[in-house]
Visitor: 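Once you've had a glance at the structure underneath, I'll fire off some questions.
No hydrogens, no waters, no symmetry mates; every other heavy atom, side chains included, goes into these values. Keep in mind that this is a model prediction, so the values were computed, not measured.
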Amino acid sequence: MRDFWRRFRRNKGAVVGLVILLLVVLLAATAPWLFPGSPWDMAGAPFSPPGEMGMLLGTDSLGRDVAAGIAHGARISLLVGAVSTAAALLVGVTLGAVAGYLGGIADDAVMRFTEFFQTIPSFVLAILLVAIFTPSIGSVVFAIAIVSWPPVARVVRAEFLSLRGREFVQAAEVLGKSRLSIVLTDILPNALSPIVVLSSLMVASAILLESALSFLGLGDPNLMTWGFLIGSGRSVIRLAWWMSVFPGIAIFLTVLALNLVGEGLSDALNPRLARQRGGAA
């Protein structure tokens with residue numbers, strides 16, 4: 001673990017990303033104390049610019065505090081990103097492990113099933129799923145998870161294919177361990193590195209996808225989100241630029257931080273690849 005953090009700290013961008021991400025998490029955790037009450041409540045005069053009437057980031061067309069909306073929206077974005085990624089990992093890791101370890105007919109069946117989902121553009125499929133199940137936090141998480149698992153399945157399958165022929169797996173089979181035990185205790189722990197890196201990038205993609213759905217009016221109508229804030233300000237961008245700019249900056253910084261952390265995790269978990277990139281540079 002000490003070596004892991006040492007390698008991680010060598011990537012300055014990853015450290016900056018981790019700091020930004022921790023600040024976003026802190027903002028989300030303290031939102032009820034920083035901005036008590038509902039972010040939907042009127043807090044001042046409509047279209048108040050940043051800094052006026054005590055509004056740090058101004059107000060929207062209905063006098064709602066933009067800063068409060070961003071703070072409370074951070075909770076929704078992080079929640080959707082984390083839960084949808086966890087669900088996608090559960091499906092993707094399970095199917096990828098089955099395909100990679102069993103091979104043969106099982107591998108072909110899982111890969112054809114995966115390719116079916118990958119033939120449909122992810123964003124279009126997410127829109128269709130949310131529209132079918134009506135916009136809600138549950139349908140948004142479900143839609144994002146459905147469009148996110150195929151890459152996980154492919155990565156896990158590739159790792160299992162390369163690991164199932166190793167000596168330690170053969171030794172476990174000779175000792176009579178069950179297939180489930182071999183997958184969970186012998187192969188999966190050795191395949192975690194790419195899964196961990198991919199999961200950080202998946203959270204970033206999930207936040208972007210949720211924001212896009214909310215921007216189009218397909219988010220949960222009862223929850224304040226960053227995408228909703230941007231969407232509500234698009235028609236008055238010339239009059240009240242801050243309504244869209246500040247939530248956009250929040251999305252940009254969060255996604256950037258997650259990508260930087262993902263790169264740092266990749267360097268820390270795969271030091272050989274990090275050295276190759278350093279030598280190429």
Visitor: Would you say the side-chain atoms of S48 pair up with the backbone N or O of A45, donor to acceptor, closer than 3.5 Å?
Guide: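 Answer holds: yes.
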Visitor: Compare all side-chain heavy atoms of L188 with those of I195 and state whether any distance is below 4.5 angstrom.
Guide: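 They are in side-chain contact.
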Visitor: Identify the heavy atoms of V183 and A97 that sit nearest to each other, and give their distance.
Guide: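 Looks like CG1-CB, 4.2 Å.
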Visitor: Is a side-chain donor or acceptor of E263 paired with a backbone partner of G13 at a separation under 3.5 angstrom?
Guide: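 Looks like no, no N/O pair under 3.5 Å.
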Visitor: Would you say the side chain of V16 lies within less than 4.5 Å of the side chain of K12, judging by non-hydrogen atoms?
Guide: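 K12 vs V16: side chains apart.
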Visitor: Does S148 use its side chain to pair, donor to acceptor, with the backbone of I144 at less than 3.5 Å?
Guide: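 Judged by distance alone, yes, a pair lies under 3.5 Å.
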Visitor: Given the ring of Y101, does R179 sit roughly above its face, with NZ or CZ under 6.0 Å from the centre of the six-membered ring and within 45° of the axis?
Guide: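 Cation-pi check for R179 and Y101: fails.
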Visitor: Identify the heavy atoms of A88 and A145 that sit nearest to each other, and give their distance.
Guide: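 In this case the closest contact between A88 and A145 is CB-O, 3.8 Å.
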Visitor: Using only atom types and a distance under 3.5 Å, with no angle test, would you say the side chain of W226 pairs donor to acceptor with the backbone of I70?
Guide: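 Answer holds: yes.
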Visitor: Hydrophobic cluster membership, with links at side-chain heavy-atom distances under 4.5 Å among I/L/V/M/F/W/Y: are F123 and L201 in one?
Guide: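 Different clusters: F123 never reaches L201 through Ile, Leu, Val, Met, Phe, Trp or Tyr contacts under 4.5 Å.
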Visitor: Please report the interatomic distance CG(L125) to CD1(I120), rounded to the nearest 0.5 Å.
Guide: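 One finds 5.0 Å between CG of L125 and CD1 of I120.
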Visitor: How close do S61 and P46 get, heavy atom to heavy atom, and via which atoms?
Guide: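 Smallest heavy-atom distance, with atoms named: O-CB, 3.3 Å.
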Visitor: Keeping H72 on the side-chain end and F35 on the backbone end, is there a donor-acceptor pair under 3.5 Å?
Guide: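 The answer is yes, because a donor-acceptor pair under 3.5 Å joins these two groups.
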Visitor: Test side chain to side chain contact (heavy atoms under 4.5 Å, CB included) on K177 and T185; report intermediate values, then the result.
Guide: CA-CA 10 Å; K177 295 181 68 174; T185 62; 3.2 Å; yes
Visitor: If I take atom CD from residue E159 and atom CG from residue N190, how far apart are they, to the nearest 0.5 angstrom?
Guide: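 Here the rounded value is 9.5 Å.
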Visitor: Go through the structure and list residues passing salt bridge (charged side-chain N to carboxylate O under 4.0 Å, His left out) with R164, not counting sequence neighbours.
Guide: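 Applying salt bridge (charged side-chain N to carboxylate O under 4.0 Å, His left out) to R164 gives none.
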Visitor: Heavy atoms, side chains only, cut-off 4.5 Å: are V147 and F117 in contact?
Guide: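 Heavy-atom side-chain distance check fails, nothing below 4.5 Å.
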Visitor: Same cluster or not: F116 versus V110, using hydrophobic residues (I, L, V, M, F, W, Y) connected whenever any side-chain heavy atoms lie under 4.5 Å apart?
Guide: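 Both belong to a single hydrophobic cluster.
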Visitor: Looking at D107 and R157, does any basic side-chain N land under 4.0 Å from a carboxylate oxygen?
Guide: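 Judged by the 4.0 Å cut-off on N to carboxylate O distance, D107 and R157 do form a salt bridge.
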Visitor: Is T225 reaching over with its side chain to a backbone N or O of F228, donor-acceptor style, under 3.5 angstrom?
Guide: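 At least one qualifying donor-acceptor pair exists.
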Visitor: Which of these, I20, L18, V24, sits in a side-chain contact (heavy atoms from CB on, under 4.5 Å) with L22?
Guide: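 Exactly one candidate clears the test, L18.
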Visitor: Is L253 reachable from L26 through a run of I, L, V, M, F, W or Y residues, each pair having side-chain heavy atoms under 4.5 Å apart?
Guide: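 No, it is not one cluster - the side chains of L26 and L253 are not joined through contacts under 4.5 Å.
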Visitor: Short question: side chain of S77, backbone of A74 - any donor-acceptor pair under 3.5 Å?
Guide: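 Not a single qualifying donor-acceptor pair exists.
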Visitor: Any side-chain heavy atom of L62 sitting closer than 4.5 Å to one from M42?
Guide: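 No. Closest side-chain heavy atoms not under 4.5 Å.
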Visitor: Under 3.5 Å, is there a donor-acceptor pair between the S139 and S136 side chains?
Guide: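 Distance-only check passes for S139 and S136.
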Visitor: Considering all heavy atoms of both residues, which atom of V66 and which atom of L57 are nearest to each other, and what is their separation?
Guide: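 For V66 and L57, the tightest heavy-atom pair comes out as CB-O, 3.7 Å.
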Visitor: Please test V140 against D220 for side chain to side chain contact (heavy atoms under 4.5 Å, CB included), starting from the C-alpha separation and ending with a verdict.
Guide: CA-CA 8 Å; V140 170; D220 194 317; 5.9 Å; no
Visitor: State, to 0.1 Å, how close A204 and N259 come at their nearest heavy-atom pair, and which atoms those are.
Guide: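 The pair with the smallest heavy-atom distance is CB-ND2, 3.8 Å.
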Visitor: Quick check: does any side chain N or O of S244 sit under 3.5 Å from a backbone N or O of I230, one acting as donor and the other as acceptor?
Guide: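 Yes, because the side chain of S244 sits within donor-acceptor range (under 3.5 Å) of the backbone of I230.
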Visitor: For F168, does the CZ atom sit with more than 12 other heavy atoms under 6.0 Å from it, leaving out its own atoms?
Guide: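 Yes, because the 6.0 Å sphere around CZ of F168 holds more than 12 heavy atoms from other groups.
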Visitor: Does a side-chain N-to-carboxylate-O contact under 4.0 Å join D186 and R166?
Guide: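 So D186 does not pair with R166 through a salt bridge.
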Visitor: For residues L256 and L78: do they belong to one hydrophobic cluster (side chain heavy atoms under 4.5 Å, members Ile, Leu, Val, Met, Phe, Trp, Tyr)?
Guide: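 Same cluster: L256 reaches L78 through Ile, Leu, Val, Met, Phe, Trp or Tyr contacts under 4.5 Å.
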Visitor: For M55, is there any backbone N or O sitting under 3.5 Å from a side-chain donor or acceptor partner on T59?
Guide: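 Answer holds: no.
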Visitor: Can you tell me how far CG of L265 sits from CG of N11, rounded to the nearest 0.5 angstrom?
Guide: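 So the gap between those two atoms works out to 9.5 Å.
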Visitor: Looking at side-chain heavy atoms only, is the closest gap between M202 and L89 below 4.5 Å?
Guide: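 Yes; the side chains approach each other to less than 4.5 Å.
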Visitor: Taking only residues two or more places apart in sequence or in another chain, which ones pass salt bridge (charged side-chain N to carboxylate O under 4.0 Å, His left out) with R154?
Guide: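 If we apply the salt bridge (charged side-chain N to carboxylate O under 4.0 Å, His left out) test to R154, skipping adjacent residues, the hits are E115.
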Visitor: Could you walk me through whether W242 and F47 pass the ring pair (Phe, Tyr, Trp, His ring centres under 6.0 Å) test, one step at a time?
Guide: CA-CA 9 Å; W242 55 88; F47 299 121; 7.4 Å; no
Visitor: Measure across L229 and M224 and return the closest heavy-atom pair with its distance rounded to 0.1 Å.
Guide: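 The pair with the smallest heavy-atom distance is CD2-SD, 3.5 Å.
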Visitor: Please check if the number of heavy atoms outside I132 that lie under 6.0 Å from its CD1 is greater than 12.
Guide: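 It does: I132 CD1 has more than 12 such atoms within range.
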Visitor: About how many Å separate OG of S205 and CG of L209, when rounded to the nearest 0.5 Å?
Guide: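 Output value for this atom pair is 8.5 Å.
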Visitor: Could you check whether any side-chain N or O of W149 sits under 3.5 Å from a backbone N or O of I146, counting only pairs where one atom can act as donor and the other as acceptor?
Guide: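 Yes, W149 side chain to I146 backbone: donor-acceptor pair under 3.5 Å.
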Visitor: Given the rule that I, L, V, M, F, W and Y join up when any side-chain heavy atoms are under 4.5 Å apart, are W40 and M243 in one cluster?
Guide: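 The answer is yes; both residues are in one hydrophobic cluster.
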Visitor: For the atom pair CD1 (I137) and CG (L79), what is the distance rounded to the nearest 0.5 Å?
Guide: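 It comes to 5.5 Å.
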Visitor: Is the closest side-chain heavy-atom distance between R234 and I237 below 4.5 Å?
Guide: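 R234 vs I237: side chains apart.
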Visitor: State, yes or no, whether a side-chain contact exists between S211 and S214 at a heavy-atom distance under 4.5 Å.
Guide: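 No, every pair of side-chain atoms sits at 4.5 Å or beyond.
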Visitor: Roughly how far, to the nearest 0.5 Å, is the OG atom of S84 from the CD1 atom of I207?
Guide: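 The distance works out to 8.5 Å.
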